[in-house]
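Lettering follows sequence order; numbering is per chain, from 1.
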Amino acid sequence: MKRFMNEPADFVRDMLEGVALANPDTLEYVPEFNLIRRKAGPSDGRVSLIQGSGSGHEPAHAMLVGPGMLDGACPGDVFAAPPLEYVLGATRSLRTPAGVVYIVNNYTGDRMVFEMASEVVRAEGIDVRTVLVDDDVAVKDSTYTVGRRGIAGNFFVIKAMGAAAAAGAPIDEVVRIGEAVNAATRSMGMALTSCSPPAKGAPLFALGESEVELGVGIHGEPGRQRTTLSSADQTVEVLLGAILAEHDVNRGDEVAVMVNGLGATPINELYILYGSAHKQLRERGIQVRRNYVGDYCTSLDMAGVSITVVKLTDEIERLLSEPAQIPIRVF
Amino acid sequence: MKRFMNEPADFVRDMLEGVALANPDTLEYVPEFNLIRRKAGPSDGRVSLIQGSGSGHEPAHAMLVGPGMLDGACPGDVFAAPPLEYVLGATRSLRTPAGVVYIVNNYTGDRMVFEMASEVVRAEGIDVRTVLVDDDVAVKDSTYTVGRRGIAGNFFVIKAMGAAAAAGAPIDEVVRIGEAVNAATRSMGMALTSCSPPAKGAPLFALGESEVELGVGIHGEPGRQRTTLSSADQTVEVLLGAILAEHDVNRGDEVAVMVNGLGATPINELYILYGSAHKQLRERGIQVRRNYVGDYCTSLDMAGVSITVVKLTDEIERLLSEPAQIPIRVF
Amino acid sequence: MADTTDLTRSIVRVMAQTAIDNEEYFGELDSIVGDGDLGFSLARGFEVVAQELNTTEDEDPGAFLRRVAILITSRTGGTSGPIWGTAFLRAATVASAAARIDRPTVIAMLRAAIEGIKARGKADLGDKTLLDALQPGVDELERQFTRDASDVEAIRATARVMAQQAEATATLQARRGRASYAGPRSIGSPDPGAIVVAYMMRAVSESWK
Amino acid sequence: MADTTDLTRSIVRVMAQTAIDNEEYFGELDSIVGDGDLGFSLARGFEVVAQELNTTEDEDPGAFLRRVAILITSRTGGTSGPIWGTAFLRAATVASAAARIDRPTVIAMLRAAIEGIKARGKADLGDKTLLDALQPGVDELERQFTRDASDVEAIRATARVMAQQAEATATLQARRGRASYAGPRSIGSPDPGAIVVAYMMRAVSESWK
Ligand SMILES: Nc1ncnc2c1ncn2[C@@H]1O[C@H](COP(=O)(O)OP(=O)(O)O)[C@@H](O)[C@H]1O
Ligand SMILES: Nc1ncnc2c1ncn2[C@@H]1O[C@H](COP(=O)(O)OP(=O)(O)O)[C@@H](O)[C@H]1O
Ligand SMILES: [Mg+2]
Ligand SMILES: [Mg+2]
Ligand SMILES: [Mg+2]
Ligand SMILES: [Mg+2]
């Protein structure tokens with residue numbers, strides 16, 4: 001496994017430093033807490049949005065910080081929820097009288113550390129709330145499981161909450177919006193290859209010549225089954241089928257669709273998949289009103305894709321269309 | 001080699017269709033000529049910009065069409081310059097009284113077909129010009145070679161010419177700007193893995209466990225040498241060293257820097273490289289005024305990177321900072 | 001008091017060293033059905049603990065363990081940070097409340113740690129977590145104390161049981177944590193967290209003089 | 001005239017079929033030092049030529065070859081489109097100007113094609129292109145004509161020389177086209193374009209009755 005890095009232990013630090021150097025006017029890097037924060041910080045009247053999570057999913061979440069999106073992100077090391085200290089440091093650095101909302105992907109480690117942080121900072125007088133993201137339909141949500149995972153759908157939750165917070169919405173409203181978007185969002189992924197964590201320097205799992213992991217998690221967690229790669233059209237059929245089976249999207253509805261690369265999938269393949277998804281949804285009488293094609297939430301160097309479908313209401317559509325500005329940009 | 005596609009022969013068509021479906025308000029797809037064109041087309045008073053080249057380099061060039069960038073792109077099949085018919089079809093579809101400029105990467109096939117097209121459409125009364133892009137310093141430019149190749153630097157040439165054309169600059173001026181930006185732009189790449197053309201279904205070349213191809217071309221052409229992968233810092237040192245040795249950039253100058261992924265390199269690694277590049281340039285007294293980190297000109301599913309340095313003048317900096325709108329976007 | 005403080009410090013030192021020495025191996029274990037970060041997370045957390053051990057003064061075991069708990073909680077990433085931090089914190093609380101650290105206190109500290117993990121992780125015995133090595137180990141330690149075994153004997157027996165039980169988690173299907181996503185595919189390899197506590201116990205037993 | 005038109009058509013048909021049948025192999029050859037698209041490009045271009053052959057009326061060889069040239073030029077991607085299109089166009093021009101397609105005219109057509117390729121590609125003998133098989137082949141054909149060999153003899157000898165010369169390009173370093181980027185590393189494998197023309201000539205020779 002070859003990759004561009006210095007010491008594996010410095011992978012996250014070097015990356016975050018690069019992000020800050022590339023955005024010197026708008027972002028600041030606080031190495032102590034792995035924190036990328038808006039230089040300006042949130043103004044007093046505004047709710048502050050923080051996302052933790054492990055690293056290795058870039059652009060999520062350290063590269064989603066900026067006006068109209070996150071106020072800060074304090075990622076842990078690769079695939080590891082951030083230590084409590086990072087979350088506390090980030091929260092104290094970005095607190096406002098209007099309150100702080102944590103956007104947390106539904107994983108054991110992430111939930112625990114944000115729960116602990118909430119206890120601590122609440123005692124310091126910070127009004128802190130949490131919005132959980134759990135869009136991955138690959139995992140059944142029941143009381144016998146740890147529940148659905150949060151994957152690429154978190155982009156929409158962040159985007160909508162970011163727009164609401166930027167407009168000065170009170171904390172209850174920002175949380176309501178986050179929960180509404182999460183409830184309207186379902187995703188599923190497929191891996192063509194495993195990712196290789198930098199420290200390990202080797203793949204987490206092995207897939208055969210034509211084998212894929214259907215429903216893979218963004219940390220290389222297993223999905224629903226190992227199966228054989230078929231055509232782009234059939235791949236989309238399987239993923240969309242699984243998503244819509246767990247989604248309240250019907251003929252006549254409007255949706256936002258994301259075709260998300262998992263790290264090593266070229267954009268030409270993503271557009272082939274998007275074309276399929278667009279046409280298959282159209283055949284089902286569902287209209288794609290907004291689309292997102294590219295890498296939004298990755299799993300290091302994994303070749304693969306996830307598809308996300310967001311059921312649009314007028315409110316969600318409006319929030320998604322508000323301007324925002326983050327490190328990930330073209331020009 | 002696993003990839004998301006239907007029939008290999010439909011790779012380019014399916015991708016272009018996806019691009020058009022994702023941008024129904026602004027783009028149009030003309031299958032006959034593999035043409036992605038601005039729906040509105042260039043207005044009469046404006047110079048029209050067309051880029052051909054082979055496919056497999058996405059987002060270049062089919063995903064760089066839009067206001068402030070290209071008016072159309074008519075890619076050939078994967079790694080193959082477009083047939084004459086495509087170029088003629090694109091030109092006739094996008095001609096304006098102000099003239100048409102071809103932006104051509106310096107490869108034998110591309111040059112030939114655009115030369116032939118120029119002859120034909122000139123006879124039809126179209127004022128057509130060509131700007132060649134040859135930013136890749138891996139190849140020595142001498143009369144005994146076919147000259148430097150055009151790689152990721154073409155983004156800057158297109159961007160600046162696009163801004164000039166959008167502002168209504170006459171054709172001579174648009175060409176002058178393109179040539180000036182090309183002259184101010186140097187790049188070099190490095191491959192960690194080979195790309196695998198869809199029709200072949202296997203890698204074009206093989207690299208060992210820790211081997212890299214220094215100076216690789218975007219069609220998998222060999223570069224300067226096979227060598228061993230070292231740290232990100234050292235990789236940047238080698239690439240920047242080679243670029244600056246062939247570039248008139250000196251202490252006190254301002255530059256734009258692009259760290260371009262070749263298709264399968266995750267963005268976290270690109271930001272690690274960017275951080276190194278930023279710091280190394282700073283040490284040389286060169287200030288990075290604009291930066292571009294992401295996939296701009298790829299080689300299918302190749303893992304690797306290229307770095308581009310553009311020496312900025314006030315004019316170039318102004319043109320690069322003008323707004324533009326293309327399929328590649330975040331929101 | 002100096003004695004039990006020294007003892008506590010030396011046990012924690014052995015645990016920390018185990019986490020640091022086995023960073024790669026624990027990462028390997030976690031990469032079979034998990035995400036491979038366990039070794040890194042524990043090593044970074046316990047590294048700070050090891051440093052602290054070299055710089056701080058003696059104090060009573062409760063206060064010492066609380067400091068360790070805070071260091072682990074605040075510096076360890078992943079699920080391990082909250083889980084291990086909570087365990088140390090609960091043990092510290094029992095130690096501070098006790099008049100002295102005798103055998104019943106040790107058992108009470110360990111039971112409190114176990115309850116802390118269960119509460120924090122919403123996990124129970126059989127879910128295929130470190131609990132499946134820890135709890136049978138503590139049961140064994142208590143049994144040994146009841147039959148008045150020597151320290152060395154008791155600790156050796158505990159280490160043996162924990163090693164066995166850690167290996168035995170291979171037969172379980174994970175119901176908590178990341179491994180649970182693998183469903184039936186989680187069967188066949190032991191829980192990495194369970195192996196970690198067994199390794200630590202073995203190291204403590206080997207270091208016991 | 002019908003005779004030479006038929007002959008021209010059948011030669012072009014064999015060339016087209018060779019390009020179509022060997023798409024994968026020619027692509028393989030081009031992927032050794034090139035970019036692997038040669039097979040695809042030629043197959044797509046000659047496919048259109050083959051279709052056209054089935055649908056169009058008889059006409060004089062010059063007009064026919066001009067139509068082939070335009071089809072190839074307009075439908076073939078890569079360097080091959082302009083190169084092969086130009087070659088056919090130049091041959092067509094000589095054919096149209098000639099009173100009849102006799103042996104000197106055939107040689108003149110082929111020489112014109114070679115000059116066309118040289119001009120379009122700014123290439124010369126020894127640059128490791130299809131010229132390095134084509135030109136020695138035409139030299140041989142002319143020699144055979146001079147010594148009044150039969151058509152079959154002449155064509156067989158030409159095919160033999162072209163095959164040899166195509167293989168011999170392996171010893172050359174590429175100075176034109178994409179392979180030239182490989183510098184000394186281009187030595188060791190034959191030029192794919194040269195192999196293509198040798199294959200086509202062999203097919204023509206085998207089909208000759
Ligand atoms: N809910 C839980 N309660 C208790 N222990 C748990 C729980 N989930 C996981 N563990 C333990 O934590 C170990 C994994 O730790 P770590 O790698 O830090 O977690 P992750 O990477 O999944 O966040 C497992 O081997 C298991 O022993
Ligand atoms: N400048 C040139 N002049 C003549 N023939 C050339 C030239 N460059 C390449 N060729 C021929 O074209 C062949 C490659 O064709 P093709 O694969 O279509 O080109 P590319 O992919 O490089 O655009 C070479 O094998 C060689 O025979
Ligand atoms: Mg983890
Ligand atoms: Mg080519
Ligand atoms: Mg783990
Ligand atoms: Mg080629």
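- Relative to the six-membered ring of C:Phe40, C:Arg44 meets both conditions, a distance below 6.0 Å and an angle of at most 45° to the axis.
- Contacts of C:Tyr181 with chain A are made by both backbone and side-chain atoms, with heavy-atom separations under 4.5 Å.
- Counting only heavy atoms from C-beta outward, the side chains of A:Val101 and A:Val131 approach each other to under 4.5 Å.
- Note on C:Ala174, C:Gly177, C:Gly81, C:Ala179: by heavy-atom pairs under 4.5 Å with chain A, the leading option is C:Gly177.
- Heavy-atom neighbours of chain C within the stretch residues 194-215 of chain A, taken at a separation under 4.5 angstrom, comprise A:Pro197, A:Lys200, A:Leu204, A:Glu213.
- The residue among A:Met116, A:Arg224, A:Arg111 with the most heavy atom pairs within less than 4.5 Å of chain C is A:Met116.
- Taken to the nearest 0.5 Å, the OG1 atom of A:Thr308 stands 6.5 Å off from the CD1 atom of A:Ile243.
- Residue pairs meeting the ring pair (Phe, Tyr, Trp, His ring centres under 6.0 Å) criterion with at least one member in residues 64-84 of chain C, sequence neighbours excluded, are C:Phe46-C:Trp84.
- The distance from atom CG of A:Leu262 to atom CG of A:Asp301, rounded to the nearest 0.5 Å, is 11.0 Å.
- Inspection of non-hydrogen atoms places A:Pro83, A:Leu84, A:Glu85 of residues 83-93 of chain A under 4.5 Å from chain C.
- Counting non-hydrogen atoms of neighbouring residues, nucleotides and ligands closer than 6.0 angstrom, the CD atom of C:Glu24 reaches no more than 12 such neighbours.
- Within 6.0 Å of CD in A:Glu32 there are 12 or fewer heavy atoms belonging to other residues, nucleotides or ligands.
- Only the backbone of A:Val78 comes within contact range of chain C, with heavy atoms under 4.5 Å apart.
- In the displayed structure, A:Glu7 atom CD is contacted under 6.0 Å by at most 12 heavy atoms of other residues, nucleotides or ligands.
- Taking C:Leu38, C:Ile70, C:Ile83, C:Asp37 one by one and counting their heavy-atom pairs under 4.5 Å with chain A, the maximum is reached by C:Asp37.
- Here the CD1 atom belonging to C:Ile72 is positioned 10.5 Å from the CG atom belonging to C:Leu89, to the nearest 0.5 angstrom.
- Residue contact with chain A, scored on non-hydrogen atoms closer than 4.5 Å, involves the backbone and the side chain of C:Thr73 alike.
- Side chain of A:Asn154 to main chain of A:Val104: no donor-acceptor pair is present (N/O by atom type, distance under 3.5 Å, no hydrogens or angles).
- The pair C:Lys118-C:Asp124 counts as a salt bridge, with a side-chain nitrogen and a carboxylate oxygen less than 4.0 angstrom apart.
- Partners of C:Arg120 under the side-chain hydrogen bond (donor to acceptor under 3.5 Å, both in side chains) rule, at least two apart in sequence or in another chain, are C:Thr86.
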